[in-house]
Asks: 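Structure provided below as structure tokens; questions to follow.
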4 protein chains.
Amino acid sequence: MAIKKTSKEEILNKAIMLFKTQGFSNTSMANIADECGLIKGSIYHHFKNKYEIGLEALKYISEYFDKNIFSIKDETLLTKEKLEKIVKKTDEYFLNSTGGCLLANLATEVSNQNEEYKAVIVKYFKTWEECLTKILQEKYTKKEAQNLAYEYICTLQGSIIMFNLTNDKAKLLIVGKNLLSKV
Amino acid sequence: MAIKKTSKEEILNKAIMLFKTQGFSNTSMANIADECGLIKGSIYHHFKNKYEIGLEALKYISEYFDKNIFSIKDETLLTKEKLEKIVKKTDEYFLNSTGGCLLANLATEVSNQNEEYKAVIVKYFKTWEECLTKILQEKYTKKEAQNLAYEYICTLQGSIIMFNLTNDKAKLLIVGKNLLSKV
Amino acid sequence: MAIKKTSKEEILNKAIMLFKTQGFSNTSMANIADECGLIKGSIYHHFKNKYEIGLEALKYISEYFDKNIFSIKDETLLTKEKLEKIVKKTDEYFLNSTGGCLLANLATEVSNQNEEYKAVIVKYFKTWEECLTKILQEKYTKKEAQNLAYEYICTLQGSIIMFNLTNDKAKLLIVGKNLLSKV
Amino acid sequence: MAIKKTSKEEILNKAIMLFKTQGFSNTSMANIADECGLIKGSIYHHFKNKYEIGLEALKYISEYFDKNIFSIKDETLLTKEKLEKIVKKTDEYFLNSTGGCLLANLATEVSNQNEEYKAVIVKYFKTWEECLTKILQEKYTKKEAQNLAYEYICTLQGSIIMFNLTNDKAKLLIVGKNLLSKV
DNA sequence: GATGAATGAGCGTTCATTCAT
DNA sequence: TATGAATGAACGCTCATTCAT
């Protein structure tokens, strides 16, 4: 069981890497199979089709953020500590992830044409915003907290695009520092 | 059978629209031709290949910003007036442009694999930053001006992604208002 | 009149050169037009279609041999002198003609599928054989003369193929020398 | 729908037949596939591209001659016996091979533009010449042997072109008989 | 005559997907 | 599960050809 699950997860991780660096449409089943040391037909033992790989990739990342980052909001820590922890983990994730944020990428590449993808992406950003809002509400009004949260996410997403072009890590880290300076 | 004249710019605009809403790789020559009322082979009368359409699309938008928006920095207006004019024109552009910012989209979709595309995109964002920096320097130190300019662009780009998902115009406009509140 | 005729002949000569160096199927109307400094549509003012260019090319060369080489058989010269003149002109033609003998090339490339082309080619070789036979009959029996003529043509054609591969002029010239040594 | 196993050699043989009778450029992947009862995309399971089919076709024939004909030079037979055996097998090959000699055909059709093809073709003819030279040296000086070998190959190649036009088997066989009469 | 824009068919190639082994 | 052979559709692109200007 454990082995099989790892196998599927391995394919998913390779696919995610390719989707982020080459784009979703620009990544073929053969590309994914190559990366996994398989032939393309074999991928279909793990996933129904390419569409499903894309969907599971989005969910996989979304769940990663839920479990490892957004959940921090419920830990028993000081406001600043929670925010620091979240910012640190978020920065780590995007600094080590060539090709940017898959959910943002697919938001522009395919979500216009696909409601199921779009739903996962919209929920991901909403959950993110709610997570930060909840913490910031400890120091700000709800409205203020929402605005700060939303602004942070937007700025970070824009910065990720720039990071992808320039590879300037310091500039990416500023976004989190700015948020932390507000609590 | 009926022969009708199609201008190069016409094709380019249709292509840009498709690239933004469907992604570059996901848009076929047949898609572009359909949109223009041509068959796909006819496109090659105007462009050498798909790659060139992509490149000219990026340059076309980049030049639009150069001529119509970034040039405002050199007009003889008050600091605030220049910034207002720029913000207004920028907001107008992105509010009426389904699918977001093509240069940001291609930055993630294909620029990893293509230096010529990447160069145009990098230059576009750099020129944008320099434009805003020049104006903000009238009220801030160079360093401060650069930071404000860069932050604005990042936040706007992130907001464009969100706008594309939610269609909430008000939230997009906030980014410009925030910038204006600083002069 | 004279100018127009030259124009058509010019296209034909460029086409022949391309057919010989690139093959007939591998040469496009655009290739021919490029070589003539025209756009491809313009070729159709001179020739009905590509097929006709091929046919006229074959006829053009065939007529060149008729007028300039095969006609020598009827001149009032000694046997050896006639043969020397023919060999000299034949060698000159093929030494200065990259890509070999168009009629032989098309014999293998397209004549299996095209009776009209094939007819011109068959007639060309037959006329050539008859020309040499007529001269050689002055010294040999008809049967012997025919054999010598046929063998010379075959050997020369094979040598042209080799010349095209090795560019060794001396080896090409041997074929004619051998023939001349027999009278 | 029905899946049937097609061997690589099967495809190669069909391709060779088409290349010889229609020319290389004039033979499409769809032609080859049709002949094999496949659709054109399926060919790519066996060959990387059309270029590779051409190359492997040339090598396949070249190796056939190496193994079955040129190797006879090393058998322990009388000079005349070896030559007879070679001539017999060579004649058999070309009598039953519509469309002539693929290596000679591609020598004129594409080798001007392709060094890799050209190398295989040049080597084929060189090996052939060396094979005959080795045997003829048993009765002639090296120089004489080379000349006889080269002349035989050229004459045979020219005769193959003529055979393709006239289908006169007797005339093709004369070339070998002439060679044999010299030992 | 030449041009430029168009066409429909076909090119070589790759796509996602299927399925017997 | 993995493989290898296949499929039909689509890809980007080029073909020979037409025709209004």
Asks: Select from D:Gly41 and B:Gly41 the residue whose nearest nucleotide in DNA chain F is closer to the 5' end of that strand.
Replies: D:Gly41
Asks: Are C:Tyr124 and C:Leu58 side-chain neighbours, meaning at least one heavy-atom pair lies under 4.5 Å?
Replies: no
Asks: Calculate the interatomic distance between D:Leu38 atom CG and F:dG4 atom C1'; express it in whole Å.
Replies: 14 Å
Asks: Check ring-ring contact (aromatic ring centres under 6.0 Å, His included) between C:Phe47 and all other residues, then give those that pass, not counting sequence neighbours.
Replies: none
Asks: I want to check something: taking the side chain as every heavy atom from C-beta on, are B:Asn164 and A:Asn112 in contact at a cut-off of under 4.5 Å?
Replies: yes
Asks: For D:Phe47 and F:dA5, what is the distance between atoms CZ and C1' respectively, to the nearest whole Å?
Replies: 14 Å
Asks: Tell me, do C:Asn114 and C:Tyr51 make a side-chain contact under 4.5 Å, heavy atoms counted?
Replies: yes
Asks: Compare all side-chain heavy atoms of B:Ser25 with those of B:Glu109 and state whether any distance is below 4.5 angstrom.
Replies: yes
Asks: Does the side chain of D:Ser62 pick up a donor-acceptor pair with the side chain of D:Lys123 at under 3.5 Å?
Replies: no
Asks: For D:Ile39 and E:dT14, what is the distance between atoms CD1 and C1' respectively, to the nearest whole Å?
Replies: 12 Å
Asks: Nearest to the side chain of A:His45 - F:dT3, E:dT3, F:dA5?
Replies: F:dT3
Asks: Once you round it to whole Å, what is the distance between P of F:dG12 and CD of B:Glu52?
Replies: 15 Å
Asks: Would you jot down, in residue-number order, the residues of residues 17-34 of chain A having a non-hydrogen atom under 4.0 Å from DNA chain E?
Replies: A:Thr27, A:Ser28, A:Met29
Asks: Could you say whether D:Lys50 or A:Asn49 is positioned toward the 5' end of DNA chain E, judged by the nucleotide with the nearest heavy atom to each?
Replies: D:Lys50
Asks: Please state whether the phosphate of E:dA6, meaning OP1 or OP2, lies under 4.0 angstrom from any side-chain nitrogen or oxygen of B:His46.
Replies: yes
Asks: Can you name the closest pair of heavy atoms from D:Asn105 and D:Gly99 and give their distance?
Replies: ND2-O, 2.9 Å
Asks: Heavy atoms, side chains only, cut-off 4.5 Å: are D:Ile53 and D:Met29 in contact?
Replies: yes
Asks: Whole angstroms only, please: what is the CD1-C1' distance between A:Ile43 and E:dC15?
Replies: 15 Å
Asks: With respect to the phosphate group of F:dT3, does any side-chain polar atom (N or O) of A:Ser42 fall under 4.0 Å of OP1 or OP2?
Replies: yes
Asks: To the nearest angstrom, how far is A:Tyr44 atom OH from F:dT7 atom C1'?
Replies: 12 Å
Asks: For a stem of at least 3 consecutive Watson-Crick or G-U pairs with distances under 3.5 Å, i pairing with j, i+1 with j-1 and so on, which stems involve DNA chain F?
Replies: E:2-21 with F:2-21
Asks: Return the 5'-most residue of the pair D:Tyr51, B:Ile11 with respect to DNA chain E, ranking by each residue's nearest nucleotide.
Replies: B:Ile11
Asks: Okay, side chain of D:Asn31, backbone of D:Leu18: is any donor-acceptor separation there less than 3.5 Å?
Replies: no
Asks: Expressed in angstrom and rounded to an integer, what is the separation of B:Lys48 atom NZ from F:dT14 atom C1'?
Replies: 15 Å
Asks: What's the closest nucleotide to the side chain of B:Lys40 if the choices are E:dT14, F:dC11, E:dT17?
Replies: F:dC11
